[in-house]
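Order of the sequence lines sets the chain letters (A, B, ...), proteins ahead of strands, with each chain counted from 1.
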Amino acid sequence: MAAATAGGLRQPSVLPGFGLTLGITLTYLSLIVLVPLAALVASAAGLGWDGFWKSVLQPRVLAAFQISLATALVAALVNAVFGLVVAWVLVRYDFPGKKLVDAIVDLPFALPTAVAGIALTGLYAPNGWVGGMLASLGIKVAFTPIGITIALIFIGLPFVVRMVEPVLQDFEAEQEEAAGMLGAGRLATFVRVILPAILPALLTGFAMAFARALGEYGSVIFIAGNLPMVSEIVPLLIVIRLEQYDYGGAAAVATMMLGVSFALLLVINLLQQWVRSRHGS
Amino acid sequence: MNIDIQAITKRFGAYTALNSVDLRIGSGELVALLGPSGSGKTTLLRIIAGLETPDGGTVLFGGEDALQRHPRDRQVGFVFQHYALFRHMTVFDNVAFGLQVRPRSQRPAKSVIADRVNELLRLVQLDKLATRYPSQLSGGQRQRVALARALAIEPRVLLLDEPFGALDAKVRKELRRWLRHLHDAMGITSVFVTHDQEEALELADRVVVMSQGRIEQVGTPTEVYRQPATAFVYDFLGDANRIECRVEGGQVRLASQGQPLGGVSGQAGPAVVYVRPHDIELQPAGDDQATGTVRRVYEVGPLVRAEVDYAGTLLEVAVPADDRMPFRAGDRVRVVLRRGLVFPADRPDRPEPMALVPFRGGASGPVVQRL
């Protein structure tokens, strides 16, 4: 009883080790995540409020934020749609070479991102295969935000597929049959029965792809061309400031990035929680 | 809506799940498909629903070819064994689903849908739980939601796949009675699948006993129980003792040692006598008259059961508990078969079973009697 009421934090449980595991969790998170981030904030604080805002509110920095957020968002959305399709095909159908396709999905995880960047640049540059064709249509991919988005789609794909796959696998065929027997067409069955069931997983995959895209550096810098105000992403801006020995400025931009990312991920997590609560589970 | 099933065949690879099955189901009937797993009963139900396509044969709904219609246009209500409720929807939304997905031109107004759903929820006694999610309901409540959902589309035919299979015994019994009541009130042609003979006999107007992709017998619960067409039906519908025997000169004799078991009219040859445990009588007997030895006596609820060694065959005997079993393990007894059915063994093509005519105290000669 005493344990149950102490501060109201601890639920009585038959599982031992609450104190120990919580202690390890907090220590570990502090060492690996919080302390480095605190150091970052501390070095940004060296600039003072005025210096901080002056460093962050430059047009070039704001443009970089706009580009980073917009490309990451678009890439995550594209991945949510097509990752779902890939997961659907992998779960629902049997076809020759399925194992191979399954393995290909994980490649973006394994490949050094710089390799991906170089490959994509070669392909989409105006003198590359695809870039050449698109250039004749008047579409420029490499060295524009479109190119950045493509690189971010590449590195974010596995998240959505791997999150959605197991949920689709567990989805009862009977629910689909039930919807059909009640008169629902294929589209209505998908939109009203299947999609709501996989939506939490889809959102998680989306959030992970989005977070990954925000922090991506290696694959982007090659294809982006890094033109200030046009195709310069925030991580690159930070590196540029570091190379100019502007540690305070780099820390300021990084802190801003940290705040924005944290806020966005928090919003997505809350959204997810809301979706889950509607499942009544 | 009557259902006419003609020569339905279904194969899964090399396995034949249904072998040219014919069945007519009358309008407003409540029919049970009864059989062990692998008998094809669920496959037949799913073919009627359109969830499975037969390899041959036809299904007519009121004389009209149902196989030409997409399952969603057949107006069939289907209740799944594991409910298959939509987990992210409330009870209300689950029941309303069938009405909400109708094409805009046929969709009732929102208020009409709400009225209809509330009426159905009252019918299944769940009107107070309309805002709950399926995960917050008990098994019995979920099954009632599934039923209300199936009834919402005003089906012409109601199909239920092992509707009570996942429920505990007490809830099952309650729901069974309630479903019978509901069927009598609504009169929708209904077919349910079960492997529980008690459920089939208690609930159905007619029972279809299936085995290995074929129909063994169709009849009222009394018919299939009292006049089983095949040894399989006899065996499946209740506890049965199986005694290998021989028909000879109007008598049934034990195959091993030749003791006469009773009279019978029929051709001579090897046969099997089937006897229910409560149709066997044990009489105290001296060593000269004794034909069996009691091996074990135990009480199960209202019955006392005994295992009796009868010339090498172990018989199960049941006596109501109030006639206190006067025997104990090791006692020698005279075994009298009061009723039984004799199935000739050498004619596998559905031979007519013959009634065993018991020898009673001083019964004179073999009396010929047929069921």
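Smallest separation of non-hydrogen atoms from B:A84 and A:A178: O-CB, 4.0 Å. Contact between B:V101 and A:A188 at its shortest, heavy atoms only, is CG1-CB, 4.4 Å. The shortest non-hydrogen separation linking B:R72 to A:G185 is NH1-CA, 3.7 Å. B:P71 and A:M181 get closest at one heavy-atom pair: CB-SD, 4.3 Å.
Interatomic distance, A:E176 CD to B:F86 CZ, rounded to the nearest 0.5 Å: 10.0 Å. For the atom pair CD (A:E174) and OH (B:Y83), the distance works out to 11.0 Å, reported to the nearest 0.5 Å. Here the straight-line distance linking atom CD of A:E177 with atom CG of B:D161 works out to 10.0 Å at 0.5 Å rounding. Note that the CG atom of A:L182 and the CD atom of B:Q100 stand 11.0 Å from one another [nearest 0.5 Å].
The local environment of CD in A:Q66 is sparse, with at most 12 non-hydrogen atoms from other residues, nucleotides or ligands closer than 6.0 Å. Annotation: A:F82, atom CZ; neighbour count of heavy atoms from other residues, nucleotides and ligands within 6.0 Å does not exceed 12. For B:K110, the NZ atom sits in a loose shell: 12 or fewer heavy atoms of surrounding residues, nucleotides or ligands are nearer than 6.0 Å. Heavy atoms of other residues, nucleotides or ligands lying less than 6.0 angstrom from CZ of A:F109 number more than 12. The environment of CZ in A:F190 is crowded: more than 12 heavy-atom neighbours from other residues, nucleotides or ligands sit within 6.0 Å. Within a 6.0 Å radius of CZ in B:R11, other residues, nucleotides and ligands contribute 12 heavy atoms or fewer.
The salt bridge (Lys or Arg N to Asp or Glu O under 4.0 Å) search around B:R104 returns none, not counting sequence neighbours.
Neither the backbone nor the side chain of A:A173 comes within contact range of chain B, judged by heavy atoms closer than 4.5 Å. At a 4.5 Å heavy-atom cutoff, B:R74 makes no contact with chain A through either its backbone or its side chain. Proximity to chain A (any heavy atom under 4.5 Å) is shown, for B:L159, by neither the backbone nor the side chain. Both the backbone and the side chain of B:H82 come within contact range of chain A, each with at least one heavy atom under 4.5 Å from a heavy atom of that chain.
A side-chain donor-acceptor contact under 3.5 Å links B:H88 to the backbone of A:R192.
Every pair passing side-chain hydrogen bond (donor to acceptor under 3.5 Å, both in side chains) that includes a residue from residues 262-272 of chain A is listed here, sequence neighbours excluded: A:T204-A:Q272.
Residues B:R87 and A:E172 form a side-chain contact, since some pair of their non-hydrogen atoms from C-beta on lies under 4.5 Å apart.
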